[in-house]
Amino acid sequence: MARSDKSKKAPGKAKKWLVRGLKIGLVGAFAGLVAIGVAVFIAMQSLPDYNSLKSSPNGQMIRVHAADGSVIVSLGPSFGRWLSYDQIPSVMVDAMVSTEDRRFYMHPGVDPVGMARAAWVALERRGSGRRWQGASTITQQVARNIFLNNSYSWGRKVREMVLAMALERKFSKQQILELYLNKVYFGGGAYGIDAASRKFFGHPAQSLDLPEAAIIAGLVKAPSSYSPTADAEAAIGRAGVVLDLMQENGKISAADHANANLAGVRMAPEPPQNSVRYFTDWALPQLDTLIDEPNEPLEVYTTIDLGMQNAATAAVKANVSNGMQGALVSLDRDGAVRAMVGGLDYVTSNYNRATTAVRQPGSAWKIFVYMAALEAGYTPDTGVTDEPVTINGWSPRNSNGRFAGAIDIRTAFAYSINTVAAKLGVEVGFPTVADMARRFGITTPINTHPSMVLGTSDVRLIDMTRAFASIARKGVAVTPYGITKVTTADGRMLYQHQDDTSRVLVAPWVAAGMTDLMQTAVSTGTGKAAQIGRPVAGKTGTTNSGKDGWFLGFSSGITTGVWVGRDDAKAVPSLYGGRAPAHAFADYMKVAVAKRPVEQFETQVTLPEWQLEPDEEAYYGQPDNGMEGGMMVDENGLPIDRARPAGSEAEDGEDMAQPDPADRPAPPRLDQQWIDNVLGRTPRQRQPAQQQRPTIPDPVPQRP
């Protein structure tokens, strides 16, 4: 009987504990709900307003366009244009909801079904090191992207859920979708559907069609794995899954699915990332002085011509040998930079030798000497005398060691005769030459020692090219520029370049006279290798022992400067301005001006005196800075002994680099027959030689 009573009490006791447990559970659940409600309420009160959530803390996106409008590089995180919910194509919304959160319109910010599934998978994978299965709703992803991070922990997940429910209480479903679609990361630096659409398809997100929307929606799961620029096949395969989900959820019909041609989607080409970066590195810092817009995405339109840029890169590489570097700057007639090469390879070295490096220009500097002389009253036909000269103990010499006697200015410039340049420097004054150089845009320090007339002051390639471009523009100042306009992503104009033609540096007749001289230098003088089959004016430059080679010139509205040398300033055998730099100039300019009409200069080319025996420099490339055998000068213009200092390369067993005579063709006999061949004359066309040329005129008073 006692046993029976105990057996009856046992079920009653179990029932009692079950009821008690249920009560405790209900109380606990209620307490939990209250706690969650309080947490959600507190979180909701602490949430910023909607406009604050829209602002991006991740940096400014800049897209740089070439002259033809194509994108050449995108910098910074790409956020594109912010699109309101009404501006987002419905196919994009449907694709994203179907793929990422099919119950988005039904849950309060968290999906209980999805969370239960995720919790079960998490328990199964606990300790395995495998990633937990995601069950985040779109709202939770918004909360994580804005307020949290991507760490996987229970604490972060709880905070994410609380914030998601707070977002749902404070904002509408449409606002949450707008936040999500404008902020979610799609890979390749693109945040938001507009940035993704522009990056992958080359157009704004408002015009996305069904196949494109499917590709973009498929990227969220794994942006790097499904990027259409990295793996187009994987992107299309993932987009097919998105279309299946859209059809399953009733967002598209079977016919829509069948007609969506994923393989026919046209992807935007990836912009170049090598040599054009020299240009963007130079141009983009100028934005700080042009505009004041630190937040909105920018569209920067530039002057760079990709066809000319490619030709410039190819020309430099083709004419620069191992161990050397080269640089090129090409300006349009108003100063627009059409091509810029700062070195052989940007990836290997981003040092911009076109805009930053300073090197001696050699005889290319003589344009300032001769312009000062022309402005002082000389003309291309003025008579001068090539003879020994000593200035404050400095005696410049011509490369062939000879003197031509009575000649004219045109001949002296064409054959880069050093004694005449030195005498002109004395006549006009070395400070006047320095002033002319500064007037034409030389920004580096200029010495006024006698040797300065031969190019012993360091200069930048872009400054020298600017000077030549100002001569080509008939004496009107040219300022190199790379940015034509800047707009926001929605097209609001922030800056537009205006050409300034108000600064006249020299009278037009001075610029015309200088062009006359430079035409002759290319036609028969030191720059013959720069000929391109149309009028060209230019000047070579070679420095001591072949350390720097230059050619700068212009034709048909394009001015181009080329420098070749070594970064360590060591001598290079057979490096002369009339060789590699002039050849690179010609290779590039043949492409650069090919589609432009031939432009004749105001002054027709006039050949130099035919009876003069040219310096070998003009045809065989001897250094044109007057230092026979590569002799250098000190800061006072006096010769420096070529003995090597301790620690120089000579101590390593290397002699000073000199051209190998065996590699140099034997020069022809420079007789009358040779001159007739150069000038295209028959013997009966010869003119009688003048017996005496005018001597140098009386010194012209220096300018105050």
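Worth saying up front: this structure is predicted, and the values here are computed from it rather than measured.
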Just by distance, with hydrogens left out, do Ser330 and Tyr588 show a side-chain donor and acceptor under 3.5 Å apart? yes
Residue pair Asp86 / Ser84, side-chain donor-acceptor N/O under 3.5 Å: no
Is there a donor-acceptor contact under 3.5 Å from the side chain of Arg466 to the main chain of Val478? yes
Would the distance check show the side chain of Asn249 and the main-chain N or O of Lys251 forming a donor-acceptor pair, the cut-off being under 3.5 Å? no
Do Thr313 and Asn310 have side-chain N/O donor and acceptor atoms under 3.5 Å apart? no
Heavy-atom side-chain proximity of Ile483 to Val300 below 4.5 angstrom: yes
Shortest non-hydrogen contact between Ser207 and His203, atoms and distance: OG-ND1, 2.9 Å
Quickly, which of Val220, Thr139, Asp101 forms a side-chain contact (heavy atoms from CB on, under 4.5 Å) with Tyr180? Name it, please. Val220
Okay, side chain of Glu168, backbone of Met165: is any donor-acceptor separation there less than 3.5 Å? no
Are the side chains of Leu243 and Leu262 in touch, meaning some heavy atoms are under 4.5 Å apart? yes
Can you label the angle between the Trp282 ring and the Phe279 ring as parallel, tilted or perpendicular, going by 30° and 60°? tilted
Is there side-chain contact between Thr355 and Met340, with at least one heavy-atom pair below 4.5 Å? yes
Note: Asn319 and Ala584 closest approach over all heavy atoms is ND2-CA, 3.4 Å
Does any non-hydrogen side-chain atom of Leu177 lie less than 4.5 Å from one of Val97? yes
Counting neighbours of CG on Asp292 that are heavy atoms of other residues, nucleotides or ligands and sit closer than 6.0 Å, is the number greater than 12? no
For Ser197 and Glu212, test the side chains for any donor-to-acceptor distance below 3.5 angstrom and give the result as yes or no. no
Work out which heavy atom in Ser227 is nearest to a heavy atom in Ala235; give both atom names and the distance. C-CB, 4.2 Å
Quick check: do Val91 and Asp209 have side-chain heavy atoms less than 4.5 Å from each other? no
Below 4.5 Å, heavy atoms only, C-beta onward: do Phe104 and His107 meet side chain to side chain? yes
Start with the C-alpha distance between Thr559 and Arg333, add both sets of side-chain angles, then the distance that settles side-chain contact (heavy atoms from CB on, under 4.5 Å), and finish with yes or no. CA-CA 7 Å; Thr559 302; Arg333 63 179 81 247; over 6 Å; no
Would you call Thr488 and Leu494 a side-chain contact if the rule is heavy atoms closer than 4.5 Å? yes
May I have the step-by-step check of side-chain contact (heavy atoms from CB on, under 4.5 Å) for Arg102 and Leu245, ending in yes or no? CA-CA 9 Å; Arg102 67 181 68 184; Leu245 293 172; 3.6 Å; yes
Closest contact, heavy atoms only, Val276 versus Gln309: N-NE2, 3.9 Å
Tell me, do Pro204 and Arg81 make a side-chain contact under 4.5 Å, heavy atoms counted? no
Full working for side-chain contact (heavy atoms from CB on, under 4.5 Å) between Arg473 and Thr501: CA-CA 10 Å; Arg473 208 180 190 188; Thr501 60; 3.3 Å; yes
Salt bridge Lys221-Glu100, side-chain N to carboxylate O under 4.0 Å: no
Kindly assign one of parallel, tilted or perpendicular to the pair Tyr346 and Tyr278, based on the angle between their ring planes and the thresholds 30° and 60°. perpendicular
side-chain contact (heavy atoms from CB on, under 4.5 Å) between Val337 and Leu331, worked out: CA-CA 5 Å; Val337 177; Leu331 307 179; 3.6 Å; yes
Minimum heavy-atom separation for Asp305 to Gly307, with atom names? OD1-N, 3.0 Å
Exercise: identify the closest heavy-atom pair between Ala357 and Tyr351: CA-OH, 3.2 Å
Residues passing the ring pair (Phe, Tyr, Trp, His ring centres under 6.0 Å) test with Tyr495, sequence neighbours excluded, are none
Donor + acceptor pair across side chains of Gln325, Trp563 (<3.5 Å): no
Member of Arg534, Arg596, Lys595 meeting the side-chain hydrogen bond (donor to acceptor under 3.5 Å, both in side chains) criterion with Ser556: Arg534
About how many Å separate CE of Met308 and CG of Leu328, when rounded to the nearest 0.5 Å? 9.5 Å
Can you tell whether the side chains of Arg338 and Asp332 come within less than 4.0 Å, N to carboxylate O? yes
Under 3.5 Å, is there a donor-acceptor pair between the side chain of Ser98 and the main chain of Ala95? no
Does a donor on one side chain sit under 3.5 Å from an acceptor on the other, for Asp281 and Asn350? no
